[in-house]
Structure formats: C-alpha cells, structure tokens
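Written out below as structure tokens is the structure these notes cover.
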Amino acid sequence: MATESTTDFTLDTAAALAAAEDEGAIEGKSPWYLAWRRLRRNYVALAFLFVFVAIVVLCLCAPLYAHHVAHTGPNTGHLGETFTRDGQQVPIVSKGGFQNGQFHAGGIPVGPQLWHAGGKYVLGADNQGRDVAVRLLYGGLNSLAIGIGSAVICTFFAMVFALLAGYYGGKTDWIISRFFDLIWAFPVLLLAIALGTALSINGFHHFGINIKSGSLWIPTLVISYVLIPYIGRPLRGQILSLREKEFIEAANSQGASSLRVMFSELLPNIASSILVFFTLIIANNILTEAGLSFLGAGVQPPSPSWGTMIADGQDRIATAPWLAIIPGIMIVLTVLSLNVFGDGLRDALDPRAKVRMEH
Amino acid sequence: MISFVIRRLIGALLVLIAVSFITYLIFVKIPGGDPAFRIAGRTATAQNIEDIRQKLKLDAPFYEQYWAMMKSLFSGSLVSYSSQLNVVDQIKAGIPATFSLCIGAAIIWLFFGILVGIISAVTAGRWSDRVITVMALIGISLPVFWLGLMARYLFAQGHPFAFMPDGGYVPFTSNPWGWFTHLLMPWWVLAILFIGFYGRVLRSNILDTINEDYVRTAKAKGLPYKRVMVKHVLRNSLIPIVTLFGLDFAAVIGGSAILTETVFDLKGVGWYAAQAVQDLDLPPIMGVTIYATFFIVLFSVVVDLMYAWLDPRIRPT
Amino acid sequence: MTKRSRLTRVVGVLALLAALAFLAGCGGGGNKSSSGSSGGSSNSGKTYPVLRVIWDAPDYMDPQLYYTVAAYQINNYVWSGLLGYKHAAGPAGAQLVPYLAESMPKISADGKDLKFTLRKNLHYSNGAAVKASDFKYSIERAFKMDSPGVGFFSAISGVSGANGFATTKKGHITGIITNDANRTIELKLDHPEGDILYILALEFAHVVPSGTPASDQSTHPIPSTGPYMVQSYQPNRGFTLVRNPHYNNQIPTEPSGNPDKVVGTIITDPVAAYQRVVSDKADYDFQPVPNDRLPEAQSKYKDQLRIYTNANTYYYALNNAIPPFNNINARKAVQMAIDPQAIISGVYGGLGRPTENFLPPGYPQYKKIDAWHFDLAKAKQLVQQSGTAGQTVDVYGPNEDPSKANTEYLAGQLTKIGYKPKLHLLSHAVYFQTIGNQATKAQAMFTDWYQDYPHPIDWFDTLLNGNRIAKIHNNNVGNVNVPSVNKEIEALKKITTLTPDVNNRWAKVDSDLMAKYATTVPYMNRSSTDFFGSKVDMSCYTFSVVLYWDWGLSCMK
Amino acid sequence: MAERLIEVKGLKVQFATEDGIVRAVDGVDFELSRGQVLGIVGESGSGKSVTAMTLLGLTRDRNTRFEGEVLYKGRNVLGMNEGELQEVRGNEMSMIFQDPMTSLNPVYSVGAQICEAIQIHERADKSTARRRAVDLLKQVGIPNADSRVDNYPHEFSGGMRQRAMIAMALACNPDVLIADEPTTALDVTIQAQIIELIDRLKDEFNSAVILITHDLGVVAEIADEIIVMYAGRVVERAQTRDLFYDPQMPYTWGLLGSIPRLDRPKQERLHSIKGTPPSLIRSPTGCKFRPRCPHAFDKCMEEPPLENRVETPGHLDRCWLSVAEKRQLRERTLSGEEAA
C-alpha cells in the first residue's frame, strides 16, 4: 500500500499537462495563440468586428464626407434655403406661416435624397436644415469617442484599483472596496444625469482641472466614473484568487518589487478578462452616452451625438421619422457588433468563461 | 444571523449618509441657482429674498444647510425650490406608477428571461439556441428610449398599426384595464433588455452547471432527466440570477427606469427625478437620490440574505 | 419638448409694476362700465355634465401663490377678487368689472383712498360667509407666505418701511380697514397708484377664508367664492373642479359656467396630449399642438383647431455694452442675418408672424417698421465694415426645444456672417438669472416677452430703458442704453392720457430703438393653438385677451 | 463460477470535437463477475474514466460515437434508451467519483442527496428513505449519522464526503460499484480507509467493483484483476499478482516505478515516465507508447496485438520485446539504473 510520501507522484504532473489540452498538435502554443485560433474560426464574431471597424472608419471619414460630398458642416443650419434636385429647387425645410390670413403648417425637413441631390441630404435634413448624414458621421465620432474614451479610462482605473486592492489587501483593499460599494450604491443613471447636468452648466474648474461646459470630456468622465466598480469588482475578485496561487508567492519570495509583481505577474493573468470587459463596456458606454444625451445631460448642442440626434428627432417622428430612426439604427448596429464580437472574444479567450458583465 | 443583518443595516445607513452628502456637494455649487431667488420669483423684493434665505439657512455653512435639509427631508417637510411642493409627497405620488412599471416589467423579464435561457441552454447549438442568442444580443443592444419611441410611434400614435394607448399612467384603482393597457408597452420596452441579458446569463450558467461533477453524480444515481435538470442544474444556475435580479430590480425601482418613464410620460419617481435634475432643483434631487439609494442598499441586504438562504455554503453560522 | 412659455405671465406681472405710475388715469376704465352687466354672453346657460381637459402643470393651486397661465386659466372661475375681468371675446375681455365688490370702488380725489362694499350673502364653497376681514387676511397671508406677488401691494399704507408689514409680518396692515358688519373695505395708499384696480384683480388679492394656513395649500383646496371649487388636485397628475354648491350666482358679473364638472389631466408631453384629444379621450388640449402634428391637425381636424396670436414679441437681445455688439453695424448685420420666415417655418412649424417691431401689432402705438430685410451677403459685408469679424460671441439660450433650436439657428447665422459663436444652453430654471447677471457677459441671447397689460411701458421701460440697467436681475438683458431714447421714455411714462400724438411718440421710440439704433433684433410674434375634441361645439368658442379660451362659456354638440 | 455481470467487447468511444475526432476509448474488452474487483489503471487521458462512464451511459452526447458492446447481465447498455438506463443507474450499477468536493451538490443536504436515489428507485417514502440514509451513513462510518444526515456537503471533511458518496452509491444495493479515482483528492491515511471500506462493503453488499485509478498502489490490495490502459487501449491485462510480479509492458513498469516500495532500494526521487500522453486525435503510428518508450525498436512502428506472451494464461500485453528481454530490461528499470 502506498501510504507514504505521495506528494511527488510524477504521473500527476503528466496528467495535469495532458488535461490542459488534449491536442498534441498545439503543444507549447501560447494561450493567446489558441484564442486567436478559436476566434479565427468564429466567422460571425469576425463579421461583426468588421461591421464595427467599418462604422469607425466611416465616422472617421466624417470631415472628408462633409467637405467633398455634402459640402456642409455638421452644425451648419440651412433654414430657409433650397437645394437642387433633378434641376428643381427644393426647400430644405418646408415653408409655413400665414398667407392671406390662412395658416399653413410647415417645418418639415426633406427626407433622404440618396444620390438624387448630388451627395447633399443623402439621409435627409433635420428641422434646422442640417444634413443628417453629416451629423450622423460626426455624431458617431462623438458617440464613439465617448464610448471608447470612457471605456479606456474606466478600464484603466478599475484595473489599477483592482490591482492595488488585490495585491496589498488589508486597509488598501478595504478603502477601495468601500469606494466601489459607494458608487455601486448610487442610482447610477441618476448620478450620471445629475453630474452631467450640473457640469454642463459651467464645466468643471476645481483641483487645477479646467473642463469647459460643452466639452466631450464631461460625459466621458462621468460615464467612466460611475461604471468603475462594474469592472473593478470582478477584477479585484480575480486578483484575490490569483494572489493565492503559487507563482505569485514564488515571485514575492524571490524579492520581486510590488510593481513588478503587479504588472508582470498579476496583470498578464487578468489581461484576457480586461480585454473582454473592455470590448463589452464600450458597447455599454455607447448606450449610456445615448441615454444621457437623450436627457440632455450628455453631449451638448450644437455638437451632435447619436443620442442627441434621437432626442431632436423625437419631436418630428410623425413627419420626419428618419431623424430618430437612423441614429437609433446606428447605435443598435454599433452596440450589437461590439456585443457579438465581445462574446466571441470571450469564448475564444476562455471557453468556460467566468468573465461576465454585470451591467 | 441577526448580528449579520444588523451589521449590514448599519453599513447601509452609512452608505445612505455618504450618498446623500455627495449628492448635496454635487449640486450645492450650481452657478446662478440661488434658490431664494427662484422661490421669490422675478417680482421679488430684497426683503422677500432675505426672508427666504433665512428660512432656508442659505447663509449658514454648507454642512449646516445639509443637516437642515436632511432633517426636513426625514420629517417630511422638505419642499422643492421651484414649486414648493412637498418632496416626500411627490415621491409618494410617483410610487404607484414606478412600482407598477417596475414590478410588471420585472415579472415579464424574469419569466421570459428564464424561459429563454432554459430553451437556449437545453437546445444549445441548435437553431432555436442560435435564434434566441441573436435575439438576445439584439435585445441588449437596443437603447431603451429609442425602443420606447419606436414602440410609441408604431403602436400608439395614430399610426396605421396603432392599437395601444399612448403614454401616461392610469391608476389601477380607477381603471384596472386602462392601467394594464397603458403599461403594456412600457413593461415590454423596459423588460426587453433584461430578457436578453438574463437569458444569456442563465444560458451560460446552465451550460456551466451541466458540466458540474454533481450533475454527473445525479445522473449516475439514475435520476430522470427532468429531475436532474430542474433540481440540480436549474436550482444551482438560478442562484446568480437571484442576485442579479435583486440588484436590477432595486435599480429600476430606484430610478433607472428614468428613460422609460420619460419616454412614456409615466409620472413616476424616475420622471420626477428627471424633472428635478432639469430644473436643477436640489430638494427633490436629494429626496429621490435617498429614496433610490434606500432601495439599492435594502435590496443588496435582501439579496445577501436570499443568497445565504439559497446557497448553504455562505450561510453565516 | 414644447412647453407653453412659463414666462408668459411671470414677466407680464413684472411689467405691471413698471406700469403703476402711468396707469393712474386710464386703468380705472372699469368705472364707466355698468357693474350690473352679466358676464352671460349668448352661449351662457348651455350646461353639460363634464369637460375633460388636458392641461399643463399649474405651478400652484393656491391663489396667493400661482402665476402661470396653466393655473390662471383654470382658476379664474374658482377664487375671486373684489374686481375681475369681463368674460367677453376679444379686447372687451380686458375690461374690469366688480366681482366680490358690489360695484367699482369709490376713489378719493387724491387717489389714495378706495372704498369697497362686499355683495350681500356671499358664501365660500364650504358654506361659510365671506367677511370683509377675509380680504385683509388674504393680503396679509400673501406676505406671510413670501408670495411672489407681494411687491404689488407695496403702496398700501403700513406695508413698506422698516416697521412695515412686509418686514415685520407682525400685527396687521394698517392701510386695510375692514368692517364685517357693514361689509366695507377701505384701502389707504401711501401714494396714488393708477394701477391699483388691476392689482386688486390679480390672483394674489383673491379672497380666502380667515385662518387659512399661511403655507402652500395647493393640495388642500381652499374654499372658493367663484362658480367652481377645486375638488381635488394631484400635482403633476390632474385636478377636478366641480360646481360650488353655495355659489347661487352670487357674482352676477361672472358667468356661472356651462360644464358641471371639469376633469383636468396633466400631460406635459404635447404629443401625448394631442393624441388624447384626437382619440376623444379629452375635449381640449391646453398644450400647443406639436409642429409634428400640425399638418395632420390642420388637414384632418381643421374645425377643431383654433390658432391665435396673442401680444408677444420674440427677439434676440444683443449686448450693446460690450464688443462686438456695441458697434451699430455689427447689430445691423445680425438683423439682416436673421430670416424670420425660416425660424417661423423651421422652428415653430409656421406658428408665427414675422415682425421688425418691438411692440406687437394691435397696439394703438404700433406702426409697422420695415427697415431691413434678410440679406446674408450684406450682413457679412457689414460685419467686415464694423471690424468685428472673427470675434467670439457667447450665445445664450434655454436648453429645451423650440427655444433651443431657435438659439442654435442664431448661432448658425452668426457663424455665417463671420463670428465665432459659442453656444450656452441652460436650464430654464437658471436661464434668466444667468443672462440677467452682468457678470455672465452674454453677448447674444434668446428672449421673448408676453404682454400682460396693453401698454408700451410694459415693453420699452422694462426691457429697453437704459436707466433701468441693473447689475443683477437685469431685465434689459441687452444693456440697451440710448440716452436720447431713455429721456423720451422717462417723459412718456409721466403722460397719462394716450393721445394720437403720444402714441406717435411711442411708435418713434419703437422705430428709433429697432431701426435707427438697431439695438435689438425682433423677428416674430408667436402664434399658438387651441385644439378641441370632436364633441365640442366650436360655435361657443370664446377667446379673451386676458382669460384666453374661456372654458366656462364652452358648450358641447 | 460467479455470475457474470459485465462483459465489454471491443468498446470504442469517439468524441467529435472542433479539432477532430478524439478516440478516447479504442478497443477495450473485459469481463466482471459478482464478488470480483477489477482495477483499471492508466494516466489521465488513457480512456479509463471514459470507459467507466460509458458503462453507465454517462458519455452519451450528440458528439459521441460508440462501437462494440457493453453487456450488463446480457443486456447491451449502449442500446438502452434513457428510461432503461435510469433504471440501471444507481440501482444496479452505481458510481463513486473522484472529487467528493465537487461531486456533491452544495445546495442540498447530504441526506437529501442520498434519499433522492432511494426515493426514485425504490419508490420509498421520505421517512423510509431518510432512515435508510442514516443507516447507510452509519455503515460507511460517519459518526453521529443521525444529525449529520442533515448537514450540507461543505460541513463535511473530505474523507467524510467520500464516505457519503459511497453511501449514496450503495443506497440501492447495486450489483456493480464503479469507483473512479475515489481516493485521489484525499490525503494518504484517508485513502487507505476508503479503499478498505470499499473492500468491506463489496462483501457486505455482495457486489462487484471496478476501481479506476492512476495509482497501482491503490489497487494492489483489493483488485483481483488489473487492466492497464494507454491512449484508449488496453496494453496489459493480468491477475493482480501476475501484474505486480511479472509486468510485461514498459509502460506498466513506469507505473510501478512510481510507487515507493519497501522491498526496493530507496531512491532519491521516484522516476517518471518521460514525455506526455499522446494525442488522441492524431495518435502515433504503431505502438502508441513508442514515442515515450526507452526500449522502442523498429518493429514498434507496427502496433503489437494484445496477446498472451508469458507462461501464465490470461496475462495479455502489447509489446514486441521478447519475454526474456523484457524481464532483463525491467529489472534495470525498476532498480533505478535507467531512471531519469
């Protein structure tokens, strides 16, 4: 009977190795390579990644489109003007008012012209005679900038807080956890709207930071601030469990500095989670931005964003439904593509993933 | 157990105080928003404004003002700056609409979320799963206010397909059928995101749980498939859903339904909050924030207790 | 979302203050009218069970506090003052008649003493008798509540000064002497106040029972004296008015009203409000028909739609005190850069009439100005000439549509003529405080003005008199300050009789300020809508300049 | 001859995965009679657990294909429908799993989980089932079984959990008890107790046992016959005595070499079998063990059949080396000369 010293069973090591991957062909390949291999086969995820990239590229082309195709800026109104369609002069926004004492309702902007007006008003005009296509692209630029920007900031701070809390534990962990709890306890949307509205009046001018009232930084920072615990909490949990693992102790016992342990030992191990969170939180933030802008607490006029465009369009939904429909479709498409891709990414990085967004 | 609850409740109280204080700080320095001037109106005399300033202790240090505001809030005498309506009364008046909306939507999203999650998990990989996955992903990608706008436009506003009443809230007590029909669209609009979300979470929970050793044990015991699925897989997969549900429900009750209420003109607490923020009206903002935070911390305690009840491993002894 | 401007009466009430001195002579026009004439017009007495209205949220349902149209229009049949307005269509509706008072007051020769006698057998809706001392109590209640209306009462003896009631709020106002037995009320003034009769018709002077708590009673309806009483009020939700059981036609000058009951549902979303009326769930839409639905309303429901233009002017204020708009060419350029027709069509769906006058049409002093026309090229050229091209301009406006879109239009046009506008859109809660503060240094502003009282002083003295520029709470937001015109306004203020010559001088003030000195950019008199359900008999439609749509005179098919 | 309970003939189990077909079990034959203990030994991935689970139909899936036969009392388990399988599972054949930590449902009490099988298979009412559960817990040596029956798995120690698992497995008096690595997760002293317990209960319940392990030491005491599996194949099969005293496969030597033994010189470090188990998708040609075998020669490019090569009948192996060569090389290997 084997009753002594069985800790060194070397077959176990072999078994562990075998259990890691059943496949001889991919022995020794890095997990990133494996993930990439899995992702490469997920055509749906790749297709949606392509959709997202296409949207980003399109929006980046906004200035080119505005200059060379539509010949108008995103905030340039054309009330009272006309344009040429098939040789005819068409008012951009229909005329209304009193003629000979008779009242005529007006103010209906022209609908999508596609290419009938030589690149003008491809997607129609809004109630101020602005080119919807141009605003859509610039609005997309703003929405994406806020979505991605706040995702970067949010993920970065969540990561730093999680690393500090998870690595140092004790008091540091306690303080950071209570900070997370506090933001968590706030009614998030209410907090975001309150902050967005308060800051949009005069901007933020404290602690040597100066942000002007119309700045995109306001919604970006507001969104990233309120969402920090949503990523920070799960990351902290992961780090806490990692800390118990031997290789961290090994690194510690070899006298590695805290920074080294954090960044070269802990960080790579949560990198895949961070990547997935990052993708999904962009989607989430684009939705949040749209909601804030819809309530007037996000992007400030005249700058467009998809949310403000929907808000502006809702007053014209019966006579000019495209004003609200088109930016909505853009949001859905963008968010959907990020969600599908993020999903695929998660499946690829960790087939039995525990990484999950708590929204 | 009791000490656990007491500890959590004390923690919750501290959080409430902190949240209210931070909210106060955010709004106390709003430029141009002198409440005395707003109450007095544009015809006010200097005397008038001075009286109001004293009544509201507007010249006192901000912590005293904060304390005065909290005192009047909890004694139920806090009034709004822009209308002098009692804040607590107004929140109370919004509760029927908000609760009707949130409870109805919660029932829908819980039922359909679980249904969708189960169907797609047990048919994982088949077409039904794929269709559900696609629908769920679209569901979580829809901006709720846009969905509401489209629903209203298509189904309620004199549009050819219109068959629903357009916005507004009808109290259950005055007309139960009207209450139901007016809420049907908002319920679904609010629920759709959650259905997609819960369906996906439950699906992956079930798929994770199906691979658990104890499910294999249950099968090896010779239990029928249904019993294995219900008693072992579903029972365990639903535990995280309960947590999620508690927190989400608290959030929507606590004002996350702002967008839905605004779009459908439901005058609930969320709508009141949105108005207050637009009016930069501090007392109702404070009131609603505390109301919302109360539900959030309350439900987080409830969720902890539920969790302990559902999962014996974390039951405090 | 469109809202009927809340400023409508708020600013108008302020204008009254300004008009005090002037109105000494002409305000008492009510004296001449027969006090016995019943408000009953032809459609009086066509009673019906219930009127269902969609309404905007009233600010208060307490007479000493409310001042928005939403509250005023519904409550003028509830509480009453000693005097009130005649219920008649058109300008005749501006005439004062005795309500709770038996007749118009006896005014002493020096104008400092007014004597009223209450009608006999007046009762509140709870059955209690109306006492003369209740009037005194009501005025004092306004002071105790810090009501926004107390400024109007400053001329009454014992109100002003260090020991005045406004400061101490103790004891009683010495200038109001009442005798319950004889039903007499005597009002003593520190100085003659030509406007005092109009002030006594204001809601702030409406009579409530003695002992009514000196705090907002909106949700605990105060017993009324008019034909109706508030049965219930749920803020932001709705209200119900029913007939006052103790009315007994006690105010013969006021119609007793046709509906037996008024059920008001408060819907702030104009689309939802419109939809309710379209689907016949309500009989009247207080909210303006949204631009989006106007074409439909006009084609499908033409008979149910009424469009009116009341006395208002929408104008852009340009800060005359600081660059670039201290330069007249720069201001002229803005005038030419604005296309009123474009704003009216695009922003207001056609609901408006272009103007270049500051005074709205219909005033005897109105003389149409035709000094400029929309010409961007010329405007641009003027900006170049003025040497202000390329300067930054801080543009201010409210953050809600349509004012928001309107302000965006202004900013857009400023860009087109060579400025660099920076847009500041603010919550209505802080908008006027902000632009009324010199420290803001707003350079171009959205603003509008609704008349509450038909006199040019209401317009030129309050809004454009350079002598009245203030550091904060400034109503002359454009800091318009033309010394010669200031002098003329001050002179005209003292003239009490409006002769054609005086009217011409006012018209010249208008054209000087608008055309010669181009101080301001008026562009529109805005129109609004009354929209009715299909069951409403439109032949009874009565629109008065003071009361707007007179719902008490409405009737059903 | 005792009653023949199980007969496995030419069993093959294949899983279709995204990377290709995994041949987890690739031709396995054995028999089991009442009262007998069969040991199946091999590294992880050798197919021993898949074989065991297939006996209970637990490997059934859309992506799984089976060949061969698994006869239980003459009935083919592979051909049974779900209902028939459920009758067999737990009732006639039951299984003890490797990790008692995760194999018990954390949200039900231990008693409830034991009762479940009894209630299903014997249609017993709740109180009867509970009494049985308490008795079973006593039989497997849980102290205070009366009160512990209501405890949750996390309130049990590792050894007690495994005892509870055993109680659960024995709840319906099964004919065959399959123990899949029942001791791996436990510490050494507990391991011995559990093995003894299984041995004792086998006699009490008059059943047969299949004991699956990667550790030859575990089966040495109680198994009657041992099958050594490698890459889904049986590579050696013998009576326990024969396997220990005359092992034929170099792979078996490796397994034996990793057991510390008192009758051999003490080594600094137990030696291991170099390399990793082969891919089950693209398995090596010829002898599957060839890439890791220190004694491989050119003939090994062809796979040897499972044959009786030694004097003892019924001792089968898959190795081309002659018996004499093997015995010589084996001595050197096990004495440590060729180690490392």
Side-chain angles (χ1 to χ4, degrees), chain A residues 44 48 178 181-191 193-199 201-203 206 283-284 286-291 294-297 306-307 310-311 313-314 317-318 321 324-325 327-329 331-340 343 346 352-354 356-359, chain B residues 11-12 15-16 18-19 22-23 26-27 29-33 133-134 137-138 140-147 149-150 152-153 157-159 193 197 200-201 204 207-208 211 240 244 247-248 251 254-256 258-259 262-263 270 273-274 277-278 280 285 288-289 291-293 295-297 300:
Chain A
V44 179
F48 276 95
R178 293 296 81 75
D181 284 351
L182 193 61
I183 305 181
W184 189 273
F186 255 105
V188 173
L189 197 56
L190 192 60
L191 175 66
I193 294 168
L195 275 173
T197 311
L199 292 174
I201 292 176
N202 259 10
H206 300 284
N284 188 65
I286 289 176
L287 281 182
T288 311
E289 183 277 327
F294 180 75
L295 291 176
W306 290 334
I310 295 175
Q314 68 170 343
I317 194 139
I325 292 175
I329 289 174
I331 295 177
V332 176
L333 215 55
T334 311
V335 175
L336 182 65
S337 63
L338 282 166
N339 277 334
V340 175
D343 231 40
R346 179 176 60 201
R352 287 199 44 168
K354 298 289 179 212
R356 212 160 278 143
M357 278 285 291
E358 297 178 56
H359 63 158
Chain B
V15 166
L16 261 176
V19 164
I22 291 171
T23 311
I26 292 174
F27 276 89
K29 283 224 172 254
I30 290 181
T133 302
V134 169
L137 278 166
I138 293 176
I140 62 169
S141 306
L142 289 168
V144 65
F145 60 91
W146 185 72
L147 186 64
L149 220 57
M150 293 296 127
R152 256 183 88 175
Y153 171 56
Q157 294 182 338
H159 200 271
L193 171 113
F197 186 69
R200 282 165 52 73
V201 170
S204 76
L207 292 182
D208 284 353
N211 288 320
L244 214 54
L247 298 174
D248 284 338
S256 279
I258 284 184
L259 287 164
T262 308
V263 168
V277 173
Q278 247 155 44
L280 302 171
I285 291 173
V288 175
T289 304
Y291 152 91
T293 310
F295 277 101
I296 290 168
V297 293
S300 74

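- Using a 4.5 Å heavy-atom cutoff, the side chains of B/Ile22 and A/Leu182 are in contact.
- Note that CG of A/Asp343 and OG1 of B/Thr133 are 8.0 Å apart. Values are rounded to the nearest 0.5 Å.
- Heavy atoms of A/Ile325 lying under 4.5 Å from chain B belong to its backbone as well as its side chain.
- For chain B, the option among A/Gly196, A/Gly291, A/Gly328 with the highest count of heavy-atom pairs below 4.5 Å is A/Gly328.
- Here the CE-CD1 distance, from B/Met150 to A/Ile329, works out to 8.0 Å after rounding to the nearest 0.5 Å.
- Looking at B/Val15, the atoms closer than 4.5 Å to chain A (heavy atoms on both sides) sit in the backbone and in the side chain alike.
- Comparing B/Leu16, B/Ile258, B/Val297, B/Leu147 by heavy-atom pairs within less than 4.5 Å of chain A, the highest count is held by B/Ile258.
- Between B/Ile140 atom CD1 and A/Leu336 atom CG the span is 8.5 Å, to the nearest 0.5 Å.
- Atom CD1 in B/Ile138 sits 11.0 Å away from atom CG in A/Asn339 (nearest 0.5 Å).
- Distance CG/A/Leu338 to OG/B/Ser141: 8.5 Å, rounded to 0.5 Å.
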- prompt: Should A/Leu191 and B/Thr23 be marked as a side chain to side chain contact (heavy atoms under 4.5 Å, CB included) after you check the CA-CA gap, both sets of side-chain angles, and the distance that decides it?
  reply: CA-CA 8 Å; A/Leu191 175 66; B/Thr23 311; 5.9 Å; no
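- One finds the OG1 atom of B/Thr293 at 8.0 Å from the CG atom of A/Leu190 (value rounded to the nearest 0.5 Å).
- With contacts defined as side-chain heavy-atom distances shorter than 4.5 Å, the pair B/Phe145/A/Leu295 does not qualify.
- Applying the ring-ring contact (aromatic ring centres under 6.0 Å, His included) criterion to B/Phe295, with sequence neighbours excluded, gives B/Phe99, B/Tyr291.
- With a threshold of 4.5 angstrom between heavy atoms, A/Pro321 approaches chain B through side-chain atoms but not through N, CA, C or O.
- In this structure a side-chain-to-backbone donor-acceptor pair under 3.5 Å is missing from B/Trp146 to A/Pro327.
- Neither the backbone nor the side chain of B/Val144 comes within less than 4.5 Å of any heavy atom of chain A.
- With a threshold of 4.5 angstrom between heavy atoms, A/Ala290 approaches chain B through its backbone and through its side chain.
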